[in-house]
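The structure appears right after this line, and notes come after that.
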Amino acid sequence: MADPRLRQLTIKTGVVKRLTKERTVYEREITTERNRLEKFKNEGADEHVLKKQEEVIQECLMMIPDALRRLKEQVELLEKFLEDEKELEESKEYQTASQVLAEAKEVLSKS
């Protein structure tokens, strides 16, 4: 990887990949915590426990818009980089970046 552009591409790809995963993890956590809340309600848990569980869910919900905003920013940066560096199109890094970008756009379209 002698070309510094390939290193930059690898870094940008990693950032988009991480943020995509982060967004997905928050969604999964919300589902898990809602299921836990239902379980607590069915078991007749203490009101304090239910309130704390609601707070956990709200915190997760607050993180999603921030994760989406950061993901959108990084997707735009990666797209621009790929457009500007078309001569790297044959490299493995470029192809990986294109694939990660497509996956990230799919996650964004579901939002």
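Computed from heavy atoms alone, side chains included, the values below leave out hydrogens, waters and symmetry copies.
- Follow the hydrophobic side-chain contacts under 4.5 Å out from Leu61 and you reach Leu37 in the same cluster.
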Tabulate below the donor-acceptor pairs under 3.5 Å that side-chain atoms of residues 14-23 make, not counting sequence neighbours, or state none.
unit_1: Thr20; atom_1: OG1; unit_2: Val16; atom_2: O; d: 2.8
unit_1: Glu22; atom_1: OE2; unit_2: Arg70; atom_2: NH2; d: 2.3
unit_1: Arg23; atom_1: NH1; unit_2: Glu27; atom_2: OE2; d: 3.3
unit_1: Arg23; atom_1: NH2; unit_2: Ser111; atom_2: OG; d: 2.9

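- Minimum heavy-atom separation, Thr10 to Glu93: OG1-CG, 3.5 Å.
- With a 4.5 Å cut-off on side-chain heavy atoms, Arg28 and Thr24 count as touching.
- In this structure, the side chain to side chain contact (heavy atoms under 4.5 Å, CB included) partners of Thr96, at least two apart in sequence or on a different chain, are Thr13, Lys92, Val100.
- Annotation: Glu47, atom CD; neighbour count of heavy atoms from other residues, nucleotides and ligands within 6.0 Å does not exceed 12.
- Other residues, nucleotides and ligands contribute more than 12 heavy atoms inside 6.0 Å of the CD atom of Glu87.
- In this structure, the side chains of Glu43 and Lys39 come closer than 4.5 Å at one or more pairs of heavy atoms.
- For Glu89, there are no side-chain hydrogen bond (donor to acceptor under 3.5 Å, both in side chains) partners, not counting sequence neighbours.
- You'll find the side chain of Leu88 reaches within 4.5 Å of the side chain of Asp3, heavy atoms only.
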List the steps, then state whether side-chain contact (heavy atoms from CB on, under 4.5 Å) holds for Glu38 with Lys41. CA-CA 5 Å; Glu38 280 303 312; Lys41 284 181 180 178; 4.1 Å; yes
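- The nearest pair of heavy atoms linking Cys60 to Ile30 is CB-CG1, 3.4 Å.
- Applying the side-chain hydrogen bond (donor to acceptor under 3.5 Å, both in side chains) test to Lys52 and every residue at least two apart in sequence or in another chain returns Glu55.
- Across every non-hydrogen atom of Glu85 and Arg5, the tightest pair is OE1-NH1, 2.8 Å.
- Neither Val107 nor Val25 shares a network with the other; the hydrophobic side chains, linked directly or stepwise wherever heavy atoms of I, L, V, M, F, W or Y lie under 4.5 Å apart, form separate groups for each.
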Which donor-acceptor pairs under 3.5 Å do the side chains of residues 71-82 make with protein atoms, sequence neighbours left out?
unit_1: Glu73; atom_1: OE2; unit_2: Arg69; atom_2: NH1; d: 3.0
unit_1: Glu79; atom_1: OE2; unit_2: Lys105; atom_2: NZ; d: 2.3
unit_1: Lys80; atom_1: NZ; unit_2: Asp84; atom_2: OD2; d: 3.2

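- Atom CZ of Phe40 and atom CD of Glu54 lie 12.0 Å apart (nearest 0.5 Å).
- For Gln53, the side-chain hydrogen bond (donor to acceptor under 3.5 Å, both in side chains) partners two or more places apart in sequence, or in a different chain, are Glu33.
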